[in-house]
Amino acid sequence: MSGRRAAGSEGRESFPYLPDDSVVSVQRGPEPGGVRGAYRAFGETLRGLKTTMARIVEGPVTIEYPEEKTPVYPRFRGRHKLHRFEDTGLEKCVGCSLCAAACPADCIRVVAAENDPDNRVSAGERYAAVYEINLARCIFCGYCEVACPFDAITMGHEYEMADYNRNDLIFTKEMLLAEPIVRTPLRNEGE
Amino acid sequence: MVAADVGFAEASWIMVVKSLVIFAVILGLVPMILLLERKLLGRFQARYGPNRVGPKGLLQPLADVVKLLSKEAYKPDAAVPILWAIAPALVILSATATLAIIPFGDVADGNVGLYGIDVSIGILYAFAFGSISFYGLLLGGWSSGSKYSFMGAMRSAAQLISYEISMGLALLGVIMMAGSLSLVDIANAQADTIWYVIPQFVGFLIFMVAGFAETNRPPFDLPEADAELVAGYNTEYGGMRFGSYFMAEYMEMVVVSGIAAAMFLGGWHGPGPDWLGPIWMLAKIMVLICLFIWVRATLPRLRYDQLMSLGWKVLLPLATLNVLVTAVLVVVT
């Protein structure tokens with residue numbers, strides 16, 4: 001093939017589609033028809049039947065979704081969670097609004113308030129009086145988690161958030177702090 | 001006027017009871033096959049198939065039938081009124097009529113034959129009604145007044161011509177070996193010798209392939225090829241009229257399997273006591289129906305010209321050769 005290129009005229013050498021050794025000819029099946037064709041079709045049919053029978057032996061691969069769930073990976077970005085300190089029970093969120101600033105979809109609303117020293121809500125000076133995430137707008141990018149200086153907000157593993165009403169998709173602080181009702185199965189290490 | 005000789009005839013009330021029982025059994029079998037097909041097809045494709053309606057999805061056919069029954073009987077404006085309505089009836093009628101010759105056993109206790117009727121023309125009766133069922137498809141497709149239906153109908157007619165000959169020739173070998181057209185005699189002839197599927201293996205293969213085409217099952221479901229023709233001849237049908245076509249297809253599957261079981265697989269003969277006969281027959285029918293489903297799960301639909309060339313260039317010469325060799329062997333031995 002390369003010899004043909006050398007023998008070609010100058011004008012043809014610049015032609016971009018001249019075949020060289022890197023071009024592989026199209027593989028074609030044998031022509032259909034005839035006795036051999038019928039024999040081959042019979043053999044291929046048997047091969048096909050074997051293939052489908054192997055699927056029965058293998059068994060179904062279906063995951064029956066509402067009852068069975070595919071486990072998610074540990075770094076799966078699902079619905080957000082707000083966290084408390086485990087020892088004191090105080091909220092980690094100090095209402096700094098960095099998450100709201102980082103949010104590209106502009107779905108987080110934080111209204112901060114001063115902590116009452118006798119009845120503290122958060123560990124810091126201030127706390128989030130209002131913390132709302134509009135999950136209808138959230139794109140689950142996880143920037144809020146990155147922006148948070150206190151690890152107060154993280155992405156959880158819940159992804160079943162369909163609802164009938166848009167208003168119901170605005171999650172308040174109480175909803176985000178609460179444990180999810182149904183736990184999403186999590187993949188183990190290396191699974 | 002006598003249309004055909006009958007091998008054995010009972011009192012007429014026994015005939016009526018008998019036909020009712022056979023009809024009821026097969027009619028009960030059809031929803032089961034429907035479920036079996038969907039379940040098995042699922043397994044062949046590494047999934048479960050229907051398992052939501054009832055325990056393990058066992059009530060699925062019931063749900064399907066209720067859905068079809070409760071649908072509106074809609075008739076398109078372009079449809080030819082009477083023909084459009086009788087076409088599905090014609091299909092189901094011919095499928096049911098063919099059931100009559102499928103033998104589930106010999107004459108039991110000397111007075112009741114375990115079959116609808118044992119006509120001496122036997123298998124020709126099945127072919128006659130098989131051809132009539134194609135009138136149902138043809139009329140249904142034509143009278144719908146839709147191009148897709150019409151094309152499906154034309155295809156079914158062409159398919160009938162291409163395959164019925166090979167089918168008849170494939171059975172001719174068996175008929176020559178048994179020396180009878182009657183399915184009861186043919187099944188009895190296999191009782192003490194080997195099943196005809198061994199000496200007539202080529203005939204069996206041709207009969208099954210032609211049977212797939214005859215029942216419009218994949219890979220020969222060109223008359224209803226849903227990818228090209230929407231649904232072919234039954235595009236314009238809905239509700240139970242569509243259901244009739246659907247049911248007739250499954251009944252024809254039973255019929256073709258029954259004929260194959262009686263002619264090639266020894267009919268009701270099998271190990272065990274005599275009363276097991278009908279159960280053996282049903283078991284053989286079910287095995288063949290599983291084969292139908294297996295092939296459906298495996299093979300893609302043939303192109304139209306491939307179908308024609310398979311019918312005329314492969315099956316017909318093969319069947320002729322088979323008949324010729326069998327004829328020579330029968331004469332020599």
Side-chain angles (χ1 to χ4, degrees), chain A residues 25-73 76 78 157-164 180-188 190-191, chain B residues 36-53 56-57 166 201-202 204-206 208-210 212-213 217-220 287-288 290-322:
Chain A
S25 63
V26 178
Q27 292 208 332
R28 290 192 187 281
E31 283 293 311
V35 178
R36 285 188 61 194
Y39 176 74
R40 196 173 50 242
F42 183 64
E44 293 295 301
T45 303
L46 291 185
R47 206 156 68 96
L49 289 173
K50 199 180 106 193
T51 308
T52 37
M53 188 48 94
R55 299 287 84 70
I56 281 205
V57 175
E58 212 173 59
V61 293
T62 311
I63 291 167
E64 294 186 89
Y65 165 60
E67 289 96 45
E68 275 179 77
K69 287 173 190 169
T70 327
V72 299
Y73 286 94
F76 181 84
H157 296 137
E158 283 68 51
Y159 52 86
E160 290 163 325
M161 287 165 289
D163 221 320
Y164 292 100
I181 300 159
V182 185
R183 282 190 164 275
T184 311
L186 188 65
R187 270 172 209 267
N188 295 321
E191 196 181 340
Chain B
L36 177 79
E37 164 153 47
R38 296 185 60 184
K39 282 270 194 191
L40 215 52
L41 212 54
R43 296 283 167 163
F44 275 124
Q45 296 165 354
R47 58 187 174 87
Y48 286 106
N51 63 352
R52 297 279 143 168
V53 190
K56 298 257 168 202
S166 320
F201 186 68
V202 179
F204 177 68
L205 275 186
I206 295 169
M208 285 318 282
V209 172
F212 292 143
R217 296 282 300 169
F220 304 111
V287 166
L288 285 174
C290 289
L291 181 74
F292 269 86
I293 298 166
W294 188 9
V295 169
R296 178 182 172 181
T298 304
L299 297 177
R301 186 180 306 119
L302 262 68
R303 215 171 51 218
Y304 195 56
D305 59 312
Q306 289 172 332
L307 176 95
M308 286 294 142
S309 71
L310 179 70
W312 291 109
K313 291 185 192 165
V314 180
L315 289 188
L316 190 57
L318 260 182
T320 317
L321 207 68
N322 183 45

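Given the structure is predicted, the values throughout are model-derived calculations rather than measurements. All chains are named by letter (A, B, ...) in the order of the sequence lines, taking the proteins before the strands, and each is independently numbered beginning at 1.
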Tested for side-chain contact (heavy atoms from CB on, under 4.5 Å) against F42(A), the lone hit among V209(B), V314(B), L205(B) is L205(B)
Under 4.5 Å to a heavy atom of chain A? For R52(B) that would be side chain
Y164(A) OH: over 12 foreign heavy atoms closer than 6.0 Å: no
Value rounded to 0.5 Å, distance of [atom1] in [X] from [atom2] in [Y]:
X: T298(B); Y: R55(A); atom1: OG1; atom2: CZ; answer: 11.0 Å
X: R43(B); Y: I56(A); atom1: CZ; atom2: CD1; answer: 8.0 Å
X: T62(A); Y: Q45(B); atom1: OG1; atom2: CD; answer: 10.5 Å
X: F44(B); Y: L49(A); atom1: CZ; atom2: CG; answer: 8.0 Å

